[in-house]
Structures are given as structure tokens and as C-alpha cells.
Amino acid sequence: MRRLFPVTDATVDPDDREWGLAELAEAYAYPEPEPGEPVAWLRANMVSTLDGAAQHGGKSQPISNATDMRIFGTLRGLADVVLVGAETVRQEGYRPARARAEFAARREAAGQAPAPAIAVVSAGLGLDFSMPLFTSPVVPTLILTGAAAPPDRVAAAEKAGARVVVAGDGVGVEPARAVRALAELGHTRLLTEGGPRLLGQLVAAGVLDELCLTVSPMLTAGGAQRIAGGPSVAVPQQFELVSLLEEAGFLFSRYRRS
């Protein structure tokens, strides 16, 4: 892997090598909050082909590679909670995040649980509560929903061991309120893995602080979703490039809100 940006001299870093955990964890470390800044930091991790597809055959795995998955694991290893949409849980067959020995000391020193909690955003709670995500998580799974969620589904979720968090006055979830609710539970290092509809909602609400985007050197054509969907914002939001890594033609970028 090579670091293309930032560089310390006029040339691109020529050191093409496999990065270890310490290097990846440093490259993707959450920023320390400055006085007056929000306590919680929400980053997204997504992958896109050259022609803008976020999925192939309904899943992201076919457009990913081993290094992308190592970064995926690193981002999870640094996060307090992983925010994900209900449709992505169903399509990708989401499982609970696992406790990884190589992150144990780092997480303990940061006061984190052994593994990040998974927080599912769902209005109707149309979820299969027999999934391992609910029956055998290291940390209890959270469900973010609105106050008008079906009571019987809320009861079923709680019976399965999930913690239901109300983050909206109506049927759906209000993104800013979801971020505040997670922060109040002590989750300040937030990571979302989409899907596109959820990411679009977070972008539209102006609560996304950072985007970690893998650009896959593949073309798929077709009508696959982009990384963010839903209504467009009135004014495009400006983000700035923080870092750029490359390996085997894959680009691993990191952008922060300007």
C-alpha cells in the first residue's frame, strides 16, 4: 500500500508495502474533539466502482477486495457503534461485530466495549429477531426507531435482547436526534456502513462529519445504487481530502466536512 496524500516532500511515497494494524489504526484514528465542536463524530465507510455503483447483485462484497476489508475491520475496531439501515441488515445478512484480540488493548485503553455495538435504523422494525445479530452479539444490538413504531414489534425486539432507542417523534428516525441519542449512551465514535438510503438521509440532515470512500477499479454498468440515495440537498456540501492510499488500483480516500 502507498500513501499518495498527504506527502512530506514533493514526491509520492514510494514505499509499497502491507500496512499493519498500528499503521491503519493511526491513519484512520478519530479526531480529538476541539472546544466547541460536537462530542460525537460520525464517519461513513462506503465502496464505489469507477462508474458509481455501490453494489453488484445487491451486495458490496463483489466490488471490494482484501485490503478494503482490512480497512473495514479497522474502522469497526476503532468505533463505539456501527450505524446501519434495516434494508442493509436484511440484504447483507448482518452479523454482530466480533471482539478482535488485536484491538483488545486499544479498546480497553479508550474505555470502549470489547466490540462495537450495531445500531439498526428501522421505522417499522421489520427485522428477523432470530438472526445472530440479535441472539448472540458481544454487545447488545441497538434499534433506533420513531415514537410511532409498532408496539408489538418493539416488544419483540426487546424480548430478543435488543435495546430500542427512540430517535424521532413520528414513524421514522431523525438523523440529528439519532446522533445525540447515541452520544448520550456514551457512543461518540460513530461509524455508518449505509446503505445508500441511510447515508443519503445523514447527508441531507448535515450530520455526516467524514466519508471513508474506497474507489474500486471496476465497471459494472446497470442500475445499481450510488453510495447515497434519496432527495438531493439544496446546496452541495463541501468536503476536503484528508488522506489517500492506493493498492492494486484501489483508492482508499478519507474526506472531512470543510
Side-chain angles (χ1 to χ4, degrees), residues 40 42-46 54-55 57-61 72 75-76 79-99 112-208 225 227-231:
L42 175 60
R43 68 167 36 143
N45 181 36
M46 303 293 283
Q55 302 165 341
K59 295 188 177 183
S60 58
Q61 188 276 331
F72 172 92
L75 294 179
R76 281 196 167 196
D80 295 331
V81 65
V82 177
L83 191 63
V84 63
E87 185 61 25
T88 297
V89 167
R90 290 187 286 263
Q91 286 188 354
E92 302 273 359
Y94 253 61
R95 300 183 65 84
R98 58 191 177 93
Q112 295 174 294
I118 304 294
V120 184
V121 176
S122 178
L125 280 72
L127 299 160
D128 179 2
F129 295 122
S130 67
M131 294 173 63
L133 179 61
F134 302 103
T135 61
S136 56
V138 176
V139 180
T141 295
L142 305 172
I143 297 179
L144 297 171
T145 192
D152 60 325
R153 297 304 296 165
V154 171
E158 293 176 337
K159 183 178 180 181
R163 179 171 182 175
V164 178
V165 179
V166 174
D169 293 329
V171 175
V173 169
E174 300 164 20
R177 187 166 167 183
V179 171
R180 289 197 302 271
L182 291 171
E184 288 169 0
L185 293 174
H187 303 310
T188 60
R189 305 171 188 90
L190 313 181
L191 169 67
T192 181
E193 297 168 352
R197 185 166 70 173
L198 174 60
L199 181 56
Q201 292 170 349
L202 298 173
V203 170
V207 297
L208 186 69
Q225 290 179 297
I227 65 167

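Each residue takes its place number in the sequence, starting with 1.
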May I have the step-by-step check of side chain to side chain contact (heavy atoms under 4.5 Å, CB included) for Ile118 and Val84, ending in yes or no?
CA-CA 7 Å; Ile118 304 294; Val84 63; 3.8 Å; yes

Side-chain donor-acceptor pairs under 3.5 Å in residues 131-146, sequence neighbours left out?
unit_1	atom_1	unit_2	atom_2	d
Thr135	OG1	Met131	O	3.2
Ser136	OG	Pro132	O	3.3
Thr141	OG1	Leu133	O	2.5
Thr145	OG1	Ser122	O	2.7
Thr145	OG1	Ala123	O	3.2

Would you say Glu92's side chain and Ser60's backbone share a donor-acceptor pair under 3.5 angstrom?
yes

Hey, does Asp80 have a side-chain heavy atom less than 4.5 Å from the side chain of Leu182?
no

Minimum-distance pair of heavy atoms, taken over all atoms of Leu199 and Ile227:
CD2-O, 3.2 Å

Are more than 12 heavy atoms from other residues, nucleotides or ligands located less than 6.0 Å from atom CZ of Arg197?
no

Considering non-hydrogen atoms only, spot the tightest contact between Leu191 and Ala44 and give its length.
CD1-C, 4.4 Å

Does any part of the side chain of Phe72, heavy atoms only, come nearer than 4.5 Å to the side chain of Glu193, both counted from C-beta?
yes

Starting at CG of Leu83, measure out to OG1 of Thr192 and round the result to the nearest 0.5 Å.
4.5 Å

Answer yes or no: is there a donor N or O on one side and an acceptor on the other, between the side chain of Arg90 and the main chain of Gly126, under 3.5 Å?
yes

Closest non-hydrogen atom pair between Ala97 and Ala115, with its separation
O-CB, 3.7 Å

Show me, pair by pair, the donor-acceptor contacts under 3.5 angstrom made by side chains of residues 164-176, not counting sequence neighbours?
unit_1	atom_1	unit_2	atom_2	d
Asp169	OD1	Arg177	NH1	2.6
Glu174	OE2	Asp169	N	3.2

Min side-chain heavy-atom separation Arg189-Pro116 under 4.5 Å
no

Closest non-hydrogen atom pair, Val120 against Gly85:
CG1-C, 4.4 Å

Side-chain (Arg180) to main-chain (Ala40) donor-acceptor, under 3.5 angstrom
no

